[in-house]
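One structure below.
Remember, it's a predicted structure, so these values are computed and weren't measured experimentally. In what follows, residues are counted from 1 in the order of the sequence shown.
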Amino acid sequence: MTKPYDVIVFGATSFVGKILSRYLANQPAGNLRWAMAARSQTKLDELSGELGVDVPLLIADASDEASLQALCAQTKVIISTVGPYALYGEPLVRACVETGTDYCDLTGEIQWASRMIKRYGEAAKVSGARIVHCCGFDSIPSDLGVHFLQQEAQSSLGEPCNSVKMRVWKIRGGASGGTVASLMNAVKEAKADPAVRREMTDPYAICPADDYKRVRQPNVQGVQFDADFKRWVGPFVMATVNTRVVHRSHALQGHPWGEGFTYDEAMCTGVGAKGAITAGVVAAGIAGVMIGSAFSPTRALLGKVLPSPGEGPSPDEQENGFYDLRFIGRTASGKSLSVKVFGDRDPGYGSTGKMLAQAAMCLAFDTPKTEFEGGFWTPASLFGERLISRLTAHAGLRFERIA
């Protein structure tokens, strides 16, 4: 039976939900049938007025299973922007799995994604639901950047790269309260549960349990000089998410890059003494936030200083933001190549809204259930070239070979 909608945005009145809904509202008139959903009719009415768009408005609550089941009954794909996902996300994933409804989100909460895979992975295969976590800045540019590099390697070098580095070359963007809340909750979980702590330090945390023999992965935690990039580097805060997604993509595709494949991420901070000092500041800042989030008094203090849920970069900051990610890969025989991924908006919000929307449309229109079975996928393993084409045509991303 044909469902009335292709896509429902659940959490449309959230910070990212508004950005995503505005993006969909501004798309050229086409065949997309979409609706906005949230728990407040008043906020939905206000958003509809702001956007000047006449789309159906649906009421659903993350804690009301009946309302979530009703959403699933009406759509091919649900986009969820309701986080922290570890606190509010499971009932919708369960409803989608039970009803065979496709789903994508922008979570960066690997400990939660791991739980969802373990609890619902087999049921999703049976029902046909395709669940795709991490469809925002974490981790589409990293995951599809590696995919693009490996395609280039196969076509021009005749073999895959068994070692890949991603470095954040340049970036401009701000944090939102939703991201801060998710980070603090993840650190709180890790402090309370040793199993979560182990999982959050495991680069293979979301790989299948029967995966191949695992190798030690590089991990930039402090200040290093990277000879390949000729820059000082410090840790990249999203590396603990992106690396896990890339390794799951590798596993789900049957380990095409070799059983010794390694992947790491870091942030370039410059050359000379200034670059080294900046790398130290980055490392200290990340460590400070992580340590501060682990204890109630400092967590409360950080909550007063950092953005609260519903707050984030202004429209001008989103418009003027960007990111430039560089990848270097090496093959087993010593050949190398470089690619870059560029995004034209604030990474976490302006660009994430567009990426998440295109991932949902790729799921609804370009990924037939007859060809791709149910289960927990990654952007690269499920979408690959189809999503790269959409992102370059409609979302301001560029994937380029540079050496």
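Take S67 and apply the side chain to side chain donor-acceptor pair (under 3.5 Å) test, not counting sequence neighbours, and it matches no residue. Listed by chain and number, the residues in a ring pair (Phe, Tyr, Trp, His ring centres under 6.0 Å) with W377 amount to none (sequence neighbours excluded). F376 pairs by the ring pair (Phe, Tyr, Trp, His ring centres under 6.0 Å) definition with H133, not counting sequence neighbours. Here R167 pairs with D226, D264 under the side chain to side chain donor-acceptor pair (under 3.5 Å) rule; sequence neighbours left out. Residues passing the side chain to side chain donor-acceptor pair (under 3.5 Å) test with T75: none are found, sequence neighbours excluded. Residues passing the side chain to side chain contact (heavy atoms under 4.5 Å, CB included) test with A380 are D143, L144, H147, S249, sequence neighbours excluded. Taking Y5 as the reference, nothing meets the ring pair (Phe, Tyr, Trp, His ring centres under 6.0 Å) condition, with sequence neighbours excluded. Take S155 and apply the side chain to side chain donor-acceptor pair (under 3.5 Å) test, not counting sequence neighbours, and it matches no residue.
Ion pairing of D366 with R386 is absent here, as no side-chain N (NZ or NE/NH1/NH2) approaches a carboxylate O to less than 4.0 Å. Between K43 and D45 no salt bridge is recorded (no basic side-chain N to carboxylate O distance below 4.0 Å). The existence of a salt bridge linking D344 and K354 is confirmed by a sub-4.0 Å separation between a basic side-chain nitrogen and an acidic carboxylate oxygen. A salt bridge is absent between R172 and D346; no separation between the charged side-chain nitrogens and carboxylate oxygens falls under 4.0 Å. The pair R115-E90 does not meet the salt-bridge criterion, since no charged nitrogen lies less than 4.0 angstrom from a carboxylate oxygen. Ion pairing of R330 with D228 is present here, as a side-chain N (NZ or NE/NH1/NH2) and a carboxylate O approach within less than 4.0 Å. A salt bridge is absent between K125 and E373; no separation between the charged side-chain nitrogens and carboxylate oxygens falls under 4.0 Å.
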What pairs of donor and acceptor atoms, side-chain ones from residues 268-280 against any protein atom, are under 3.5 angstrom apart with sequence neighbours left out?
residue	atom	partner	partner atom	Å
T269	OG1	W232	O	3.1
T269	OG1	G275	O	2.7
T278	OG1	K274	O	2.8

Which donor-acceptor pairs under 3.5 Å do the side chains of residues 332-339 make with protein atoms, sequence neighbours left out?
residue	atom	partner	partner atom	Å
S333	OG	E159	OE2	2.3
S333	OG	T331	OG1	3.1
K335	NZ	L157	O	3.2

Which donor-acceptor pairs under 3.5 Å do side chains of residues 46-56 form with protein atoms, sequence neighbours excluded?
residue	atom	partner	partner atom	Å
S48	OG	V53	O	3.0

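Side chains of S142 and S139: no donor on one and acceptor on the other come within 3.5 Å. Counting only N and O atoms by type, the side chains of Q217 and H247 include a donor and acceptor under 3.5 Å apart. For the residue pair E265/T243, the side-chain donor-acceptor check at 3.5 Å is not satisfied. Of the N and O atoms on the side chains of R94 and Y120, at least one donor lies less than 3.5 Å from an acceptor on the other residue. Judged purely by distance below 3.5 Å, without hydrogens or angles, the side chains of Y23 and Q358 pair a donor atom with an acceptor atom. Counted by atom type alone, S80 and D105 present zero donor-acceptor pairs between their side chains at under 3.5 Å. Between E199 and S114, the side chains place a donor N or O and an acceptor N or O closer than 3.5 Å (distance only, hydrogens not considered).
The ring-ring contact (aromatic ring centres under 6.0 Å, His included) pairs that include a residue from residues 67-97 are Y85-W112, where partners are two or more places apart or lie in different chains.
Under a cut-off of 6.0 angstrom, the local environment of NZ in K369 is crowded, with over 12 non-hydrogen atoms contributed by other residues, nucleotides or ligands. For CZ of R39, the number of neighbouring non-hydrogen atoms (other residues, nucleotides, ligands) closer than 6.0 Å is 12 at most.
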side-chain contact (heavy atoms from CB on, under 4.5 Å) evaluation trace for T392 with F399: CA-CA 8 Å; T392 55; F399 295 76; 3.7 Å; yes

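A distance of 6.0 Å or more separates the ring centres of F342 and Y323.
In this structure a side-chain-to-backbone donor-acceptor pair under 3.5 Å is present from R33 to K3.
Side-chain atoms of Y349 and T352, non-hydrogen and from C-beta on, never get closer than 4.5 Å to each other.
Of all heavy-atom pairs spanning L68 and A95, the tightest one is CB-CB, 4.1 Å. Of all the heavy atoms in I206 and R248, the pair that sits closest is O-NH1, 2.5 Å.
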